[in-house]
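Some notes on the structure that comes next.
Naming convention: chains lettered A, B, ... in sequence-line order (proteins, then strands); numbering from 1 in each chain.
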Amino acid sequence: MMFDLTILQKYAKRSPSSLPPTLLLTNSETSLTIFDKYPKATYHFLVLPRITADSGFTADELENLQTLLARGKKAEARGLIEGLKKDAQTAKEMVEKEMLKRHGYKWDVWIGFHAVPSLTHLHLHVISSDLCSPSLKHKKHYNSFHPNLGFFLHVDEVLAWFGQDSASFDQQLMSLQNNLHEPLLKEDLACWRCRETFKAMPKLKEHLVREKGAEASREKKSLQGKKRKRPEEGETGRTESDREVPSSKRQAVTNDVDT
DNA sequence: GTTCTAGAAC
DNA sequence: GTTCTAGAAC
């Protein structure tokens, strides 16, 4: 290979048991799930395909989505992505357990690829939908995970490409090649939930914290309603509003690598 | 991907 | 004067 291996490629070549537990969340025969070094939400992991003698793909083919799909191994590529999805779902379940334990409720966790990744070696993001994190600093960070903008490609969206005719498949592949996705990172800042727009990142970040808090109290209220099992009480059965988890306590999980 | 920082925006 | 972004360097 022409260039030095990136950190992700180095990890993908190592045996999972040799990786520090502060880096590795979990692994399967074919993948590693690691903590993102610069998490862009309360929970943010990367699922990497391992590079092994019998993984069926070379490191070059596993550089990114484009190189994986462009080598004429369509069925194998589909199988590999399905495997990553399965392992991402395992990670998602672990995140949901942690959410219940630490926050008392669970919220959405997204699974997807960046259309134009900046680090070499294919990686599937598993990220909680709050998008509240000190490492989320710039417009491009936020827009790269906005679930409806088009830069973040949900894994099921990518898998659906395989069900289309080959002309459409090739067109999806071309769109990755032509960097059509890069201008999306410069789009105006808009809340993915309510679509309100913001002039600057600090304002959007404040808004995202408020949205997260609002979701937390809705969810906890609904859970308490279920516990009481007295639905006939309806709106009169008020509980005091839940307090939001302070941002200082959110970063309890250790992180190591990033995209 | 991050850090640094000049100068734009407020 | 301070906040914030965006481009260069890494």
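The side chain to side chain donor-acceptor pair (under 3.5 Å) test applied to A:Glu182 returns A:Asn179, not counting sequence neighbours. Looking at residues two or more places apart in sequence or on another chain, you find no salt bridge (Lys or Arg N to Asp or Glu O under 4.0 Å) involving A:Arg14. Under the side chain to side chain donor-acceptor pair (under 3.5 Å) criterion, A:Thr52 pairs with A:Asp54, not counting sequence neighbours. In this structure A:Lys140 satisfies the side chain to side chain donor-acceptor pair (under 3.5 Å) test with no other residue, sequence neighbours excluded. Among residues two or more places apart in sequence or in another chain, the salt bridge (Lys or Arg N to Asp or Glu O under 4.0 Å) test is passed with A:Lys97 by none. Partners of A:Arg50 under the salt bridge (Lys or Arg N to Asp or Glu O under 4.0 Å) rule, at least two apart in sequence or in another chain, do not exist in this structure.
Within the structure, side-chain hydrogen bond (donor to acceptor under 3.5 Å, both in side chains) contacts touching residues 141-159 of chain A (residues at least two apart or in different chains) are A:Lys85-A:Asp156, A:His114-A:Ser144.
Residue A:Lys139 is out of contact with every strand shown, counting any heavy-atom pair closer than 4.0 Å.
Hydrophobic clustering, with ILVMFWY side chains joined whenever heavy atoms are under 4.5 angstrom apart, groups A:Tyr105 together with A:Met94.
Scanning residues 185-204 of chain A for heavy-atom distances under 4.0 Å to DNA chain C yields A:Ala200, A:Met201, A:Pro202.
In 5' to 3' order, the nucleotides of DNA chain C bounding all contacts with chain A (an atom under 4.0 Å from a heavy atom) are C:dC4 to C:dT5.
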